[in-house]
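Written out below as structure tokens is the structure these notes cover.
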Amino acid sequence: MSILVVGSIAFDSVKTPFGACERALGGAANFFAMTASLFTKVQLVGVVGEDFPQEHLKYLESRGVDTMGVQQTSGKTFHWQGYYGYDLNEAQTLKTELNVFGSFNPRLPEPYKQAQTVFLANIDPVLQLQVLEQVTKPQLVALDTMNFWIESKNAELKRVIAEVDILFINESELRQLADERNTVKAAKKMQTLGAKTIIVKRGEYGALMFHEQGTFFAPAFPLEDIFDPTGAGDTFAAGFMAHIDQAGRFDFATFKEAMVMGSVMASFVIEDFSFDRIKRLEKSEIDRRRKEFKQLTL
Ligand code: AMP
């Protein structure tokens, strides 16, 4: 099987208490593709500017990511600048430069239109919807977003949420979107909008899943060294979606296993800047951590 993903492909400038990186490769769809390609084929949709390194697109191809859906146009690549304080759970945005994403008009290559599993990674909800409308008959659609879009494109965002099966969202952003302080009530409110499953990301405190058949909690893997949480959400989503894509089932038990895989994958990306850790990640390390993870709770 394979997963179609649309979202930001970016340069990230990030500061944490443990170091900094300038214009490192990033973007929600990029983190997702890098991680999901460890498990399955990925079709990537997005736009980059003239300043984006061709070698990275070639590198993605070498990992089994189809980049036919990535347009390269004149202008600059999306740039996000942010920082984390000692509380690494929440990124503070300093600058969002949409650049080429400001005028992006996604057109799916013919083979992408048959996609069964779709991940609408963080980007303008108008673009997320444009992509979804071109997919003929998807079986499972998930969406991720953030405060930037909750504040600037609220109505458009709610329109896309109505079309998806799964919503991934940070806890504070869920409260903001639902205008409800209590997480359980906020998730239920979002379920009435359309998405049947709500996955609430709580940084180092794990992730909660509200599913039609019940609620499930996956802790975050306790780590000694965390360098940069950027991309943890997208990497979580990639582990989650790739697990379901491989299982080919959508029941509660499969979703619970997917939560564990999401948490396992997110625990790797934060061990280094950008997706450097994902680049050198071996299958055996994933298996080992998954086993260790399962021993965290009874
Ligand atoms: P996360 O997985 O939630 O840590 O997402 C990190 C990625 O989100 C970074 O690589 C950024 O480039 C990207 N990002 C930041 N702001 C936005 C935005 N407004 N729209 C789309 N992507 C963004």
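Sequential numbering from 1 along the given sequence is applied to the chain's residues. Just so you know, ligand 1 is whichever comes first in the structure, and atom 1 is the first atom listed for that ligand.
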So CD1 of I166 and CG of D144: to nearest 0.5 Å the spacing works out to 11.5 Å
- Compute whether any side-chain donor of one residue and acceptor of the other, for E212 and Q191, lie under 3.5 angstrom apart. no
Worksheet item: So is G233 polar-close to ligand 1, meaning N/O to N/O under 3.5 Å?
Response: yes
Open item on the list: Given 3.5 Å as the limit, does a donor-acceptor pair link the side chain of D51 with the main chain of T77, or not?
Closed with: yes
Q.
Looking at ligand 1, would F11 count as a contact under a 4.0 Å heavy-atom criterion?
A. no
* Determine whether the side chains of T67 and E61 contain a donor N or O and an acceptor N or O closer than 3.5 Å. => yes
*Please test I3 against V118 for side chain to side chain contact (heavy atoms under 4.5 Å, CB included), starting from the C-alpha separation and ending with a verdict.*
CA-CA 6 Å; I3 305 177; V118 179; over 6 Å; no
Looking only at non-hydrogen atoms, the one of F236, W149, F275 nearest atom 18 (C) of ligand 1 is W149
Per-atom filter on ligand 1: closer than 4.0 angstrom to a heavy atom of M146 are 15 (C), 16 (N), 17 (C), 18 (C), 19 (N)
heavy-atom search around atom 23 (C) of ligand 1 in the protein gives N122 ND2, 3.4 Å
for atom 13 (C) of ligand 1, nearest protein heavy atom and its distance come out as S8 OG, 3.8 Å
heavy-atom search around atom 9 (C) of ligand 1 in the protein gives D12 OD2, 3.2 Å
Exercise. Report the C-alpha distance between Q114 and K137 in whole Å, list the side-chain angles of each, state the deciding distance to 0.1 Å, and finish with yes or no for side chain to side chain contact (heavy atoms under 4.5 Å, CB included).
Key: CA-CA 7 Å; Q114 311 307 322; K137 212 172 162 214; over 6 Å; no
Polar contact flag for D234 and ligand 1 (N/O pairs, less than 3.5 Å) | yes
For atom 4 (O) of ligand 1, the closest protein heavy atom turns out to be G231 N, 2.8 Å
For G27, the atoms of ligand 1 under 4.0 Å from one of its heavy atoms are 9 (C), 10 (O), 12 (O)
The atoms of ligand 1 lying under 4.0 Å from a heavy atom of F31, numbered in the order shown, are 10 (O)
> Are any non-hydrogen side-chain atoms of F78 and E97 less than 4.5 angstrom apart?
Replying inline: no
In ligand 1, the atoms that come under 4.0 Å of a heavy atom of F148 are 19 (N)
From the list F119, F168, F240, ring pair (Phe, Tyr, Trp, His ring centres under 6.0 Å) partner of F32 resolves to F119
Any heavy atom of A232 under 4.0 Å from ligand 1? The part involved is backbone
Q) Does the side chain of W149 pick up a donor-acceptor pair with the side chain of N122 at under 3.5 Å? A) yes
So the atoms of ligand 1 within less than 4.0 Å of a heavy atom of A10 turn out to be 12 (O)
